[in-house]
K.L.:
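Questions regarding the structure given below will be posed in turn.
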There are 2 protein chains.
Amino acid sequence: MTHDAQVQKPTQKLIAETAGLSVGTVSRALAGDPKIADATRRLVGQIAAELGYAPDRAAQRLRTGKTQVINLILPPHDEIFGFGTSLIRGITRGLEDSNYHLVVMPDFGPDVTRDDPGEVITRIVKNRLADGILFSRTEPNDARVRFLTETGFPFVSHGRTEGKHTHAFVDYDNTNFAYKSAVRMIQKGARKLSILLPPPTLTFRQHLLQGITNAVREYNVELEVFNGATLDNSADQIEAAIRHRFAAPDRPDGLVLPGEVSGLATLAALQDIGLTPQKDVQLVVKQTTGLFDLVRPRVDCIFEDLPEAGLQMARLLLRRLRGEAPETLHYVQPISSANLQ
Amino acid sequence: MTHDAQVQKPTQKLIAETAGLSVGTVSRALAGDPKIADATRRLVGQIAAELGYAPDRAAQRLRTGKTQVINLILPPHDEIFGFGTSLIRGITRGLEDSNYHLVVMPDFGPDVTRDDPGEVITRIVKNRLADGILFSRTEPNDARVRFLTETGFPFVSHGRTEGKHTHAFVDYDNTNFAYKSAVRMIQKGARKLSILLPPPTLTFRQHLLQGITNAVREYNVELEVFNGATLDNSADQIEAAIRHRFAAPDRPDGLVLPGEVSGLATLAALQDIGLTPQKDVQLVVKQTTGLFDLVRPRVDCIFEDLPEAGLQMARLLLRRLRGEAPETLHYVQPISSANLQ
DNA sequence: CTTGATTATTAAAACGTTTTAAAATACCCC
DNA sequence: GGGGTATTTTAAAACGTTTTAATAATCAAG
């Protein structure tokens, strides 16, 4: 009895007792309910502060059914440099002064997104593991988008789907990226362009294709889609494919590389077969880090700001969770700070 | 009444009703309590499966006080390529079939870890936001380690502290990394070695220093710690500093670079001032991605497996949470798969 | 059969909130 | 002052678990 009073966790009950009020009143006061008298609200607020009260998340969650959790699905696909982290940094920044927590759920499921949204998302929705979901790498007819839209579960995708966009998304303007890249190369003398693309399943393949096609038509030059590898292939595979194609006599003289790994792999491949980048072959690389500012020889590059994308995703999701309609929650990132020389 | 039966969330109560048992029994049965008859245990298990029952995390958490959450603290420091993600991938893999969830908490706090463990960690412990914590970039006398050890809060650090290791950690064998790198360069003819180090506050600076010192003494060559920049500086700063030092007449002829950014920056700097890497200056770079396999000219490099580190951190933390003593939970990652030529 | 010990089940409390419905208090107007 | 309304507070239930203490069922042994 004369022991140190075991420092008990500050709870609404404790506040209520020291203030001589009921728990219900305390709860309302803390919530800023206008039905509570100003005086009591202030009193409660003060005591709460003194006691260092913080609401118990579990209790809130149990009572309200709201988890205060946002899930980020990490694709099983091998990591592009820092893709995940950059996005994560942005997301956490966007969530900073909400009190949502970001839970990272890897999707170790079967490789391709087929007709079903995958075990992870199904489980999240079914067991209400989160209030909202974030994911990337969308397909034109994305199973996850369909499923979540049907069930009315809040989410924001990184990447668009086809058709009427009835869901919230953040995307990069890949069409314009490809267009600007192509124009750049043409201005430097390229007449036969090529582009390395993501796998056919992913939506942004279409966007890239659209962009480069526009440029090619406008300037009346040749286009050859590079089909020895995709952006998802390993560096080794890309390197080999590039080497093979560009050693042939009718090689393109301009190549768009929408990723850092493919950029480096291509540089290595070209040098290995004795071609000089930016001379024999024009290159434009999309970078999401500062990597290519350090690479020699210098190549043209355009920057995609992933932290910013993450931030926007978080913001849109928060608005969605506040009840805004998904149709209004779109953000296409403009291509900024091109790094062309 | 004739509406579709609103599909109600499967709960222990529901199981109890359909089985004609009490909730308590169901709870025990699901927990595998031996006091429950085999027959009932099987029955309950079966019904649960049919109903697709999954325990409500909030309720469990409220009742038991266990959050089933592990927090990863993201340092405010600018991201090394993929550092966070690689670690995160590993961690999630390690947590895969536990039912802990990984929550990412960025530490936007003041730059340096001073005498207090920081707002984030304090809050996590005080409000029991998680059952365990993971963080990186330890200092010899780390405030977080001290605080968490004192309060008995389970954690695993990436990086060691000084003295008797009474806490759980995972670390990379930086001493050996520096030693092997140095020996390599000496074998290739270098006689005046240098090394780029992390800021003095971080423990692994000592390890690197120890390693290179050992080599230098053993082979009786010269050592000059590079002090124009640290590993934490921006690529630009490192590049400038390298350029400055290596343009001077008495420059070192071997340089250890414990990071990808510094590796690239150095390559760029040397080339810019007309020096040939691996000829005028020997380099060994530590890489955590496959990056340097693609960089030309090729340089020697040694690989640090971050996903593996993350996996180990998760495993150790799980063991800690199961009650094992922290003194026994250590893992120093050996340097593996050197990529020397 | 009883008794006493095992074994198996249950009722009820508790975790910390939010919220519904009811009760208490204050206020106003005639 | 009395009656009604508006304002403020409260008691109690509920969310879905786990667990303590008590009860019911089974069984061995005398």
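Throughout, a chain's letter reflects where its sequence line sits, starting with A, and its residues are numbered from 1. Fair warning: this is a prediction, and the values are worked out from it, not measured in the lab. We use all heavy atoms of the structure for the numbers below, so side chains are in, but hydrogens, waters and symmetry mates are not.
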K.L.:
Could you give the CD-to-P distance, from A:Gln12 to C:dG16, as a whole number of Å?
P.N.:
11 Å

K.L.:
Can you tell me if A:Asp131 and A:Thr67 form a side-chain donor-acceptor pair at under 3.5 Å?
P.N.:
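Yes - a donor-acceptor pair under 3.5 Å links their side chains.
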
K.L.:
For DNA chain C, which residues of residues 24-34 of chain A approach it to below 4.0 angstrom with any heavy atom?
P.N.:
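Nucleic-acid contacts, sorted: A:Gly24, A:Ser27, A:Arg28.
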
K.L.:
Would you kindly give the CG-to-P distance between A:Leu14 and C:dG16, to the nearest whole Å?
P.N.:
11 Å

K.L.:
Rounded to whole Å, how long is the line connecting atom CZ of A:Arg42 with atom C1' of D:dT8?
P.N.:
15 Å

K.L.:
Can you identify which nucleotide, out of D:dG16, C:dT9, D:dT17, has its nearest atom closest to the A:Leu62 side chain?
P.N.:
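Per side-chain heavy atoms of A:Leu62, the pick is D:dG16.
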
K.L.:
Does anything in residues 34-65 of chain A pair up under ring pair (Phe, Tyr, Trp, His ring centres under 6.0 Å), and if so which pairs, sequence neighbours excluded?
P.N.:
none

K.L.:
Do any side-chain nitrogens or oxygens of B:Thr11 fall under 4.0 Å of OP1 or OP2 in D:dT17?
P.N.:
yes

K.L.:
Under 4.0 Å between a side-chain nitrogen and a carboxylate oxygen: does that hold for B:Asp56 and B:Lys9?
P.N.:
yes

K.L.:
Do B:Leu72 and B:Leu102 have side chains that approach each other closer than 4.5 Å (heavy atoms only, starting at C-beta)?
P.N.:
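B:Leu72 reaches B:Leu102 side chain to side chain.
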
K.L.:
Sort me out a list of protein N/O and nucleotides 4-6 of chain C N/O pairs below 3.5 Å, or just none if empty.
P.N.:
none

K.L.:
Atom CG of A:Leu21 and atom C1' of C:dA23: how far apart are they, to the nearest Å?
P.N.:
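In whole Å, C:dA23 C1' and A:Leu21 CG are 16 Å from each other.
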
K.L.:
Taking NZ, NE, NH1 and NH2 as the nitrogens, is one of them in B:Asp142 or B:Arg144 under 4.0 Å from a carboxylate oxygen of the other?
P.N.:
yes

K.L.:
Report yes if the side chains of B:Val156 and B:Phe135 come closer than 4.5 Å at any heavy-atom pair, otherwise no.
P.N.:
no

K.L.:
Pairing donors with acceptors under 3.5 angstrom, does anything connect the side chains of B:Asn99 and B:Gln68?
P.N.:
yes

K.L.:
Can you figure out which of C:dT17, D:dT17, D:dT9 approaches the side chain of A:Ala37 most closely?
P.N.:
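Looking only at heavy atoms from C-beta outward on A:Ala37, the closest nucleotide is D:dT9.
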
K.L.:
Cut-off 3.5 Å, side chains only: do B:His101 and B:Arg57 have a donor facing an acceptor?
P.N.:
yes

K.L.:
Starting at atom CZ of B:Arg61, determine the distance to atom C1' of C:dG16, rounded to an integer number of angstrom.
P.N.:
12 Å

K.L.:
Which comes earlier along DNA chain C counting from the 5' end, the contact point of B:Thr40 or that of A:Ala58, where each point is its nearest nucleotide?
P.N.:
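Of the two residues, B:Thr40 wins.
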
K.L.:
For the pair made of CD1 in A:Ile36 and P in C:dT19, what is the distance, rounded to whole Å?
P.N.:
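The distance from CD1 of A:Ile36 to P of C:dT19 comes to 13 Å, rounded to the nearest Å.
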
K.L.:
Starting at NZ of B:Lys35 and ending at P of D:dA21, how long is that distance when rounded to a whole Å?
P.N.:
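From B:Lys35 NZ to D:dA21 P: 13 Å.
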
K.L.:
Taking for each residue the nucleotide of DNA chain C with the nearest heavy atom, is it B:Asp38 or B:Ala59 whose nucleotide lies nearer the 5' end?
P.N.:
B:Asp38

K.L.:
Would you kindly give the CD-to-P distance between B:Gln60 and D:dT17, to the nearest whole Å?
P.N.:
7 Å

K.L.:
Less than 6.0 angstrom separating the ring centers of A:His158 and A:Phe169, yes or no?
P.N.:
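No, the ring of A:His158 stays outside the 6.0 Å limit from the ring of A:Phe169, centre to centre.
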
